[in-house]
Each structure stands twice: as structure tokens, then as C-alpha cells.
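Just below is one structure, and these are the notes that go with it.
Whatever order the structure lists ligands and atoms in, that order sets their numbers, starting from 1.
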Amino acid sequence: MSGSALYDTYARAPLAFERGEGCWLITEDGTRYLDFAAGIAVNSLGHAHPHLVAALVGQAGRLWHVSNLYEIPGQRRLGERLAAATFADRVFFANSGAEALECAIKTARRYHFVNGAENRTRIITFEGAFHGRTLATIAAGGQKKYLEGFGPPVAGFDQVPFGDLQAVEKAIGPDTAAILVEPMQGEGGIRRLAPAAMRRLRELCDAHGLLLILDEVQTGIGRTGRFLAHEWSGVSPDIAAIAKGIGGGFPLGACLATEEAAKGMTPGVHGTTFGGNPLAMAVGNAVLDIVLEEGFLEEVARKGLLLKQGLAAIADAFPDLVEEVRGEGLMLGLRCKVPNTAVQKALREEKLLCAPAGENVVRLLPPLIVGDEEINDALERIRAALAAMRTHAQAGG
Ligand SMILES: *Cc1c(COP(=O)(O)O)cnc(C)c1O
């Protein structure tokens, strides 16, 4: 809405929702939209999940905020559970993805600092990456469109083409501290780093004394059918950032690290006012209650395959509109031959919500609790939208 008091930084769809139920968003006039954007992979358990509502409301009646001046039992518990479920030994809670990455970057630099290698501050990153919108994370992402007009980029990032292992090797120098990568680029267009490439990055890190930092902000918390997406590769990072899905819609991020990688993060070197507050911890623990339930992740993988197979059939039926299907689990993308924004709009007209991404991709990121019926429903809506686009193109020329 132009003329509003808000910064004009978003190209918003002309839609407002009044409530949500599972995979559905409902406008004030009662129109129901099937939500395959899930707040950009945030509403991992859909909208108004009873277990999350109970956790949040229960906590809201007891205690909201005390600051990190005190022990926060929910934080201890969520930290221990995340450590038990992942490669990590240590966890730092923040409020967003970008903050989790800021902590990851600081952790890597401090590691070398306390090892006596103050010069090792540089981090190798990849083209097409997205790590957030703070000054350091736009420098890490390296995208001109996000850096322009914001002055000198934060120093210390060396960017190479996505998945180009030779370029990584060449970029490693005496000042390199770490390699930072998304196991599958989300904003970049659902571009997966091959498991073999991930293993090679691990080898390079080990050979050169670098830390491997993964940005699992979008891929984490079950999105790809594993708790963290790097698990598909069989190797572990030293540091990982998570956010989006862990809060199920409550702002929550975390930096995970091994004991060794976190050794420089001693009292006083980092902090946050809001990070890890009791409300966020109650919700994060409730999300884990469900995502870590026996069989939940296997179901995500199975449903991901169902959706992907349906999309592949659609790609075959609409070769003039769809180039290919990409992704893993419930993090899927359709690379389009017509502008992805037009496809997104056509899907919205069929009351299906999705999210755009780079490389002309439309992202499908349903809540992880999506049912088979809803997947089939979405596939029908996609077919209808593409058929309407085709008819429209033929009629309009
Ligand atoms: C969304 C996202 C971020 C940034 O998270 P914010 O909460 O918006 O700061 C960072 N990295 C990846 C991979 C993301 O998808």
C-alpha cells in the first residue's frame, strides 16, 4: 500500500489474512488459500497448530522475558535437545536467520583468534547465496542488488561460483577462516549442493584448518526430510545457523557449533537482549516435540517425493511453461520458462500460495504437516493455473 506509514521495501501481494488452520490461510471474507509458501519455510507445522498454541499461551501466562542475566530453563532444554539431535555441542539463541549467521561468522573468527591466528578472518562464500540483510550477511551473500547504496561492504568475504570446488581451492589462502554455504540455496533458486561436493568441502576444511559453516536457516528442521539437510551428505559442519522452521512462526534463530569451534565464545564476547527468551523457547521446544517424533522426518521425505513426482508429471505436460523440477523433501522448485512472477500470480488466482526464488524459480514450501490430499489438491491447482496461462497466452498472443 503506497501512502502508508510503512517503509516501501516490500512488493506485497494485495492480500491480507485473518487466520490460519494447518496448511490453509483464510482472508476476512472467508476465502481459503492453500499455503505452499508457509511464511517462506517458517510455518513448519502449519498455522495455529494446537500443540504450539498451547505452548505459547501457557508460557505467556507465566513469564515472557527475563534477559540473559538469568538462567532460562527452556533455553537450556532446547539447547540440549538441539545438541542431541545434531552434530553440535553448543547453541546460541538469536531472533532471526541473519543474527544466527552473524553469530556463526563471529564464532569462526574468534576460533582462529583464540588459536593465535588473528589474521584468519576471511570466509569463502558462493554466488547466488542468501544469508540475510544485516551489513555482514549482505557482504557474505555478495549480491549487488542487496549491497548497493549501503556503503563499503563488510570486509572478509571471498566469493566463488556455487559448487565450483576448484575455485574454492584456489580461493583458500593464509587468511582464510572458514567456508560458508547453504546445503541447498533457497532464495538462490533451490540449487542443491551435491553431497559429494559437501564432502569435498569438508576435506578442504580439514586439510587447511578451516571451519565449515552451513547456513541451514531454510533447509533445517526437517525441511528436506532430514533434521538438517547436510545429513544427506554424511559429513558434519563445525558451525550451522538455523532459524525459520525452528520457531514455527515465532521469531527464533540459533547458531549451533561443536565444542571446539565454539571455544572462543567466552563470557562477554557476544550477546543479545531478546535471544532465547522464554516465549521463543517454549515454542521451539514444542516444535521439536513434533519434528523429532518417531517417523515424522520419514513422512516429510515420503510426502516430498509424492509432490516432486506430481510436479515432474506437470513439467512433462507443460514443457512450454516449466523447464525443470528441483529440490529435496518439501523444499521444491519449478524452474519456469515464463516469468516466475507470472506463474506465482496464476497460482494465486487458483488460491495456491508459493514463493519466488532466483533463476526464475517458483518455490513450493508447504508446512511439513501437509497431507497427501492437500498435496494432490495443490498439484491440481498448479495444473489449472498453467492451463489458464496457456489459454491466456494463445488468446492474447
Ligand atoms: C531467510 C534466510 C536467511 C535470513 O533469515 P532472516 O530471519 O530473514 O534474517 C538466511 N539464510 C537463509 C538460507 C535464509 O533462507
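For P319 against D316, the heavy-atom pair with the smallest separation is CD-O, 3.3 Å.
For ligand 1, the atoms closer than 4.0 angstrom to any heavy atom of E182 are 13 (C). Set against the non-hydrogen atoms of S96, the atoms of ligand 1 under 4.0 Å away are 7 (O), 9 (O). Near Q218, meaning under 4.0 Å from any of its heavy atoms, are these atoms of ligand 1: 15 (O).
Only side-chain heavy atoms of K244 come within less than 4.0 Å of ligand 1; its backbone N, CA, C and O stay farther off. Proximity of H131 to ligand 1, defined as any heavy-atom pair under 4.0 Å, is confined to the backbone N, CA, C and O atoms. Residue contacts with ligand 1, taken as heavy atom pairs separated by less than 4.0 Å, do not involve A243 at all. At a 4.0 Å heavy-atom cut-off, ligand 1 touches L101 through the side chain alone.
The shortest distance between side-chain heavy atoms of L332 and R326 does not fall below 4.5 Å.
A cation-pi geometry, defined here as NZ or CZ lying under 6.0 Å from the six-membered ring centre and within 45° of its normal, does not hold between R122 and F157.
Considering only non-hydrogen atoms, atom 4 (C) of ligand 1 lies nearest to G132 out of G132, G247, G141.
Here the CZ-SG distance, from F92 to C103, works out to 5.5 Å after rounding to the nearest 0.5 Å. Here L212 contributes atom CG and I179 contributes atom CD1; the two are 6.5 Å apart, rounded to the nearest 0.5 Å.
When the side chains of ILVMFWY residues are joined at heavy-atom separations under 4.5 Å, either directly or via intervening members, L34 and L334 end up in a single hydrophobic cluster.
Where the criterion is an N or O separation shorter than 3.5 Å, residue side chain and backbone included, A98 meets it with respect to ligand 1. Ligand 1 has a nitrogen or oxygen under 3.5 angstrom from a nitrogen or oxygen of D215.
Remark: minimum distance from atom 7 (O) of ligand 1 to any protein heavy atom is reached at G97 N, 2.8 Å.
Ring geometry, F162 versus F126: the interplanar angle exceeds 60°, so the pair is classed perpendicular (tilted spans 30 to 60°).
Residues E102 and T134 bring a donor and an acceptor atom of their side chains to less than 3.5 Å of each other.
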